[in-house]
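Every value quoted in this text rests on a predicted model; they were computed, and no experiment measured them. Throughout, protein chains are lettered first and strands after them, A, B, ... in sequence-line order, and every chain is numbered starting at 1.
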Amino acid sequence: MPDILDNLTEAQLEAVTHMEGPMLVVAGAGSGKTRVVTRRIAHLISRGVWPSQVLAMTFTNKAAREMVERVEALTGERPPWVGTFHSACARLLRRDLEKLEDGRTGQFTIYDDDDQLSVIKLCMKEANLNQHDVAPAAVRGRISRAKCALQDPETLAGDSGWHSNQMVNVYAAYERRLRELNAVDFDDLLLLVVRLLEGNAALRDVYHSRFRFLLVDEYQDTNRLQYLLMRLLTGPAQNVHVTGDPDQSIYSWRGAEYRNIMEFRHDFPAAKVVRLEQNYRSTQLILAVANELISFNTTRIEKELFTENDLGVPARVVKLAGDREEAEWVVERVMELRLEGTSLRDQAVFYRTNAQSRPLEDQLLRAGIPYQLIGGTRFYQRKEVKDVIAHLQLLVNPRDAVALHRVAGCRAAGVGAKSIEAILAQSAADGVAPMDLLADPDFRRRYRGRCSAKLAEFAEWCRALRAIPGSPVGDCVEAVVEHSGLLPLYEEREDRDPSAGDRMDNLRAMVDRACEYQQEHPEATLEALLQEVALVSDVDTHDPESECLSLMTLHACKGLEFPYVFVVGVEEGYLPHLNSRDNPDAVEEERRLLYVGITRSRQAVCLTHAVTRFLWDGVQQRVPSRFLKELPNTQVERLNLAGNARRWSTW
DNA sequence: GGCGACCAATTTTTT
DNA sequence: ATTGGTCGCC
């Protein structure tokens, strides 16, 4: 077993061996932050702290998993409470949500963005609010912001203006609806734990003694709810340890307040502060470029990373004629690097928006280069996979009418929206969950509406669905897919629908994943599986071992590193993004975004931009990003390939 | 009332 | 690529 204190600098050692009391680690990019956090957890355990007494919260499952594995390698112990903010909160709520007495139970469903949006649309329809006047997505944003600020619909009621009053009503209806459905959204996971702890000193004490040591990763990206959570979970001993880098704050659009990290010392005057400014990842030239770029931000704490690594090669800035030429050029360089012996897994391409992956994918497919795309449409967002998940949600939470709608809709069994509405109306009147009503053996007598043969058949089908045991989870998912009849449904369509084959594959893959999960967690409940599925993110699917090129957005690349990095589309409109114009703070965040991208690279980085680009369905003239002008000329190699005649030959 | 077929609209970044 | 809306047909 490697020694916990091996190979650490003085500053790292100070952070690792810290025991009691608050601590802030300001860790620059590539300064060994993850190493410090994992070693500290290992150190605590080696000093007699129980692994279960450590609560560490990260932003992605991948970061959490990595921490657990490293701690296990150091101590042989797997700390059970290392996870994302959202998964930790979901676990706490499974046990304690009922204490809030808001009508929800521990069997709650976690709604993703799409589910959230459909509930909002429903509420808007009821409030006679036209979707063309007010975009549902905008309402969702408003609600999310309100929740992050702990504003109830009641406290917002005084808001002036007809429009916002309508909005408040929709918010209130949305909240009521979620409680009815026994469902929570992503914000609720955090908010409800905050509410629970705020109003219950005894429970707070229980948590404080259970979680003696609290660690928060990526503290610069915490929003107000996460901040409050941290405050509430911090006990009188103030054993709270946060790490972060204000220069890498890229989630303010999601409510992150990077000033949280600057104010930590104010919140905890006793805090020890450790600064990690030596970079172990990148070459001197990469770091010089990154440092220069970020120095253009005005609202920041002065910090200059240094490295003892090799000088390296200059960063490249390349101008290409168009988006296709850009993709072609990048793919050519990737192939060249591979020929020189650089594995594809050591290369990555970053971009600002998911849509920018298209031309790259086209070229990669043509060149036969395997790649993994992080983001875009996720596996669990596929229609057929969501259909299966809806079945499972219904099994756990009989009140989930959104899932019921989906299940009824994907069966084409002669039961449509109107029938489901009638079921919902009666179950609301009778005070019984819709699925309980449907699956009642005595459905025919208890249902007062007109019960067609098809509906009776559907009720019978629901009863059989309910009879499927929830565990072991792999067997359950297999049985549910079998019972759903989705596979034969797609089989029938295979000749007409070219995607039917893929969909069948995805259904089988869903079963496989559940079986894998069962192997890893033999005791897991269906609730646990659904929670896992609801809270996995794109970066979590990144496999650093796989022999292929990685493609992802600049947001998704945080926390990763690659020897060779390409950033494409470094143009006005993308970086900074169009939506951040006229907003100096937003432009600074865009600059941080590029900074994060550049600092992912170990050996070489290349930024490309195109003169023209196909957008919507016309050709657009593009202007190089203002950030490119900020890079130091002496350390950057600028190439103009926009006039290259090759673009005509490779049609 | 239900369903299949077709057309349009939406995507900045995401737990 | 999914979804929501509309239309014609059962």
Side-chain angles (χ1 to χ4, degrees), chain A residues 57-64 83-90 110-114 116-118 121 125 131-132 135-137 140-141 144 148 184-190 218 221-223 225-226 249-256 350-358 374-378 380-387 406 408-422 449-450 452 454-455 458 493 496-497 499 502-503 531 534-540 552-558 569 573-581 586 589-590 592-593 596-597 615-616:
Chain A
M57 292 190 287
T58 64
F59 275 82
T60 65
N61 293 293
K62 184 183 154 55
T84 64
F85 282 94
H86 291 84
S87 65
C89 287
I110 300 170
Y111 278 1
D112 67 14
D113 287 10
D114 295 332
Q116 204 184 347
L117 218 50
S118 38
K121 283 177 188 166
K125 211 173 278 175
Q131 289 189 24
H132 296 288
R140 179 177 56 188
S144 178
C148 285
V184 303
D185 62 28
F186 285 137
D187 295 318
D188 283 334
L189 289 171
L190 309 172
E218 309 277 16
D221 281 330
T222 50
N223 64 23
L225 279 178
Q226 286 156 336
S249 162
I250 54 176
Y251 284 103
S252 74
W253 50 274
R254 214 168 72 186
F350 305 149
Y351 35 77
R352 178 63 177 83
T353 66
N354 280 307
Q356 287 171 264
S357 69
R358 244 295 90 74
I374 316 299
T377 42
R378 296 190 284 250
Y380 293 113
Q381 253 165 236
R382 311 293 282 265
K383 179 191 180 321
E384 61 279 12
V385 176
K386 279 210 80 163
D387 284 344
R406 221 191 150 90
C410 71
R411 296 190 69 255
V415 180
K418 280 280 145 65
S419 304
I420 296 299
E421 290 307 330
R450 204 177 58 82
S452 66
K454 293 282 189 190
L455 183 55
F458 180 61
R493 298 182 186 168
R496 293 170 290 144
D497 181 359
S499 62
D502 284 342
R503 295 189 192 284
Q531 181 178 307
L535 299 178
V536 287
S537 72
D538 302 327
V539 236
D540 299 332
M552 67 190 83
T553 64
L554 285 162
H555 281 89
C557 78
K558 193 175 68 163
Y574 280 142
L575 276 165
H577 193 270
L578 203 63
N579 291 21
S580 61
R581 78 185 146 186
E589 178 146 317
E590 299 286 311
R592 288 195 291 271
L593 205 45
V596 168
L615 285 169
W616 300 304

Determine, for nucleotides 8-14 of chain B in 5'-to-3' order, which nucleotides have protein heavy atoms under 4.0 Å from the base (write B), from only the sugar-phosphate (write S), or from neither (write -).
----BBB
N/O (side chain, A:R493) to phosphate O (OP1/OP2, B:dA5) under 4.0 Å
no
Residues which pass side-chain contact (heavy atoms from CB on, under 4.5 Å) with A:S452, listed by chain and number, not counting sequence neighbours
A:K454, A:L455
Partners of A:Y380 by ring-ring contact (aromatic ring centres under 6.0 Å, His included), sequence neighbours excluded?
none
Side chains of A:T553 and A:T353: closer than 4.5 Å at any heavy-atom pair?
no
ring-ring contact (aromatic ring centres under 6.0 Å, His included) partners for A:F85, two or more places apart
A:F59
Given atom CE of A:M57 and atom C1' of B:dT15, what is their separation to the nearest angstrom?
13 Å
Given DNA chain B, 5'-ward residue of the pair A:K418 and A:N61, judged by closest heavy atom
A:K418
Heavy atoms only, 4.0 Å cut-off, all strands: where does A:F186 land among base, sugar-phosphate and nothing?
base
So, using salt bridge (Lys or Arg N to Asp or Glu O under 4.0 Å) as the criterion, who are the partners of A:E218 when residues are at least two apart?
A:K33, A:K558
Touch class at under 4.0 angstrom, heavy-atom based, for A:R358 against every strand present:
nothing
How far, in whole Å, is C:dG5 from B:dT11 if one measures between their P atoms?
15 Å
Keeping the roles fixed (side chain from A:D221, backbone from A:I250), state whether a donor-acceptor pair exists under 3.5 Å.
yes
What residues form a side-chain contact (heavy atoms from CB on, under 4.5 Å) with A:S252, not counting sequence neighbours?
A:E589
List the residues meeting side chain to side chain donor-acceptor pair (under 3.5 Å) with A:D112, not counting sequence neighbours, and say none if there are none.
A:K386
Can you list the residues that meet the salt bridge (Lys or Arg N to Asp or Glu O under 4.0 Å) rule with A:K121, with sequence neighbours excluded?
none
What is the separation between atom CG on A:D188 and atom P on B:dT15, rounded to the nearest whole Å?
18 Å
Protein-nucleotides 3-10 of chain C N/O pairs closer than 3.5 Å?
none

Quote, to the nearest angstrom, the C1' distance that separates B:dT13 from C:dT3.
22 Å
